[in-house]
Amino acid sequence: MLTVQNLTVSYGGSRPAVEDVSFEIKKPALIGILGPNGAGKSTLIKGILKLVSSKGTVLFNQQPFSKIQREIAYVEQKSAIDDTFPITVRECVSLGLYPKMSWFKKISKAQWEQVDAALEKVNMLSYKNNQIGELSGGQFQRVLIARTLVQQAKFIFLDEPFVGIDATSEQVIMSLLRELRDEGKMVLIVHHDLSKVDNYFDEILMMDQHLIAKGPTKETFTKEQLAKTYGAALGLGVL
Ligand code: ADP
Ligand code: MG
């Protein structure tokens with residue numbers, strides 16, 4: 001369960017990027033976070049994950065972030081991990097193990113097997129010894145998903161994971177995310193391709209600085225809510 005109460009994040013401008021957002025997600029689900037450019041979607045995630053300072057309360061299974069940090073995985077927007085950083089695919093995925101172990105411990109054989117199993121799941125095992133800089137955007141995104149798999153996180157946050165990637169990678173990732181949801185994980189995805197929303201998400205949050213709507217996709221992804229969420233953007237012709 002994820003509880004967000006009165007979350008406000010300001011970067012010091014005249015208005016907060018995210019203002020007074022409250023919602024609760026009770027069951028494992030695939031949740032889409034929707035809203036126009038600049039709506040505060042990335043900021044909402046950063047606020048939830050304490051990556052920016054915020055006001056309000058966030059609880060993961062009734063626990064504060066500090067208690068449950070290891071159970072949380074986050075793949076940021078256009079991953080800021082430098083993909084020219086000289087590590088292999090296998091090493092990159094193994095970074096997901098670190099929240100679970102003391103930093104000075106060596107990775108065991110069993111753990112390397114876990115890494116390989118995760119790579120197999122995203123169809124990237126044959127690239128395990130490649131440098132991450134050699135991968136396409138979609139392949140790299142799959143490797144980042146494999147990293148969250150080895151972390152065995154219960155809460156998974158992905159910020160626009162499908163931007164600039166190939167259709168195959170998108171399908172591989174999406175079917176894996178469905179599996180994770182079925183295993184009881186909570187998966188929150190910032191997403192902007194409105195054509196896929198019905199197909200991808202159990203629930204959606206629609207926002208533009210404030211929370212505009214939240215609920216099961218079928219009932220919530222309506223013309224009326226779209227107009228409320230994207231009204232300003234539509235008026236400006238930027239959608
Ligand atoms: P979205 O992800 O929905 O496109 P963001 O959360 O990135 O929106 O941004 C929300 C607002 O906060 C925007 O007006 C953006 O310019 C501003 N913003 C985002 N990050 C920063 C930052 N680090 N410093 C100052 N303003 C920021
Ligand atoms: Mg964003």
Side-chain angles (χ1 to χ4, degrees), residues 2-23 25 29-58 60 65 72-83 137-138 140-142 144-145 147-148 153 155-165 169-170 173-174 177 186-198 200-201 203-215 217 220-222 225-239:
L2 174 66
T3 314
V4 174
Q5 279 166 348
N6 309 109
L7 189 73
T8 294
V9 182
S10 298
Y11 291 110
S14 54
R15 49 170 233 167
V18 168
E19 189 164 32
D20 202 23
V21 168
S22 299
F23 63 89
I25 299 161
L30 269 170
I31 296 133
I33 301 173
L34 313 178
N37 251 334
K41 304 179 296 296
S42 298
T43 302
L44 174 66
I45 291 191
K46 289 179 186 164
I48 291 173
L49 302 180
K50 308 284 176 208
L51 295 165
V52 289
S53 63
S54 60
K55 278 189 240 157
T57 311
V58 178
F60 302 82
F65 178 78
I72 297 168
Y74 169 53
V75 177
E76 57 198 294
Q77 185 167 10
K78 278 235 172 68
S79 188
I81 301 173
D82 180 0
D83 68 6
F140 184 49
Q141 196 64 251
R142 282 194 255 167
L144 295 179
I145 300 288
R147 194 186 62 187
T148 72
F155 297 87
I156 299 166
F157 293 82
L158 306 170
D159 196 344
E160 308 229 17
F162 304 127
V163 168
I165 75 170
S169 294
E170 182 161 340
I173 291 170
M174 205 52 219
L177 295 176
M186 196 175 284
V187 186
L188 288 95
I189 307 174
V190 173
H191 187 75
H192 81 208
D193 180 356
L194 297 178
S195 71
K196 308 265 177 70
V197 170
D198 278 320
Y200 280 7
F201 303 115
E203 277 189 53
I204 52 171
L205 298 176
M206 300 175 83
M207 66 175 295
D208 191 5
Q209 185 191 20
H210 299 272
L211 184 65
I212 292 170
K214 181 214 170 251
T217 308
T220 315
F221 193 58
T222 60
Q225 301 296 6
L226 277 166
K228 274 196 215 162
T229 309
Y230 292 90
L234 287 168
L236 294 170
V238 296
L239 191 68

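When a ligand or atom number is given, it counts from 1 through the structure's own listing order. Only this structure's heavy atoms are used, side chains among them; waters, hydrogens and symmetry mates stay out. Sequence positions, counted from 1, serve as the residue numbers for this chain.
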Q.
Side chains of Tyr11 and Thr43: any donor to acceptor distance under 3.5 Å?
A. yes
Q.
Between Met186 and Ile31, is the side chain to side chain contact (heavy atoms under 4.5 Å, CB included) condition met? List the steps.
A. CA-CA 8 Å; Met186 196 175 284; Ile31 296 133; 4.0 Å; yes
Q: Evaluate the ring planes of Phe65 and Phe60, with Trp represented by its six-membered ring, and classify them as parallel (under 30°), tilted (30 to 60°) or perpendicular (over 60°).
A: tilted
Q) Is Lys196 salt-bridged to Glu170, cutoff N-O under 4.0 Å? A) yes
(Q) Under a plain distance cut-off of 3.5 Å, with no hydrogens placed, do Tyr230 and Gln225 share a side-chain donor-acceptor pair? (A) no
Q.
For a quick check under 3.5 Å, do Ser169 and Gln141 share a side-chain donor-acceptor pair by atom type?
A. no
Q) Any chance the side chains of His192 and Glu160 put a donor and an acceptor closer than 3.5 Å? A) yes
Q | Reported CG-to-CD1 distance for the pair Leu158 and Ile173, which is rounded to 0.5 angstrom | A | 8.0 Å
Q.
Counting only heavy atoms and a distance below 4.0 Å, can you name the residues contacting ligand 1?
A. Tyr11, Ala17, Pro36, Asn37, Gly38, Ala39, Gly40, Lys41, Ser42, Thr43
Q) Using a distance threshold of 2.8 Å, what protein N/O/S atoms lie below it relative to the Mg ion (ligand 2)? A) Ser42 OG, Gln77 OE1
Q: Would you tell me whether Asp20 and Thr8 have side-chain atoms, one donor and one acceptor, within less than 3.5 Å of each other?
A: no
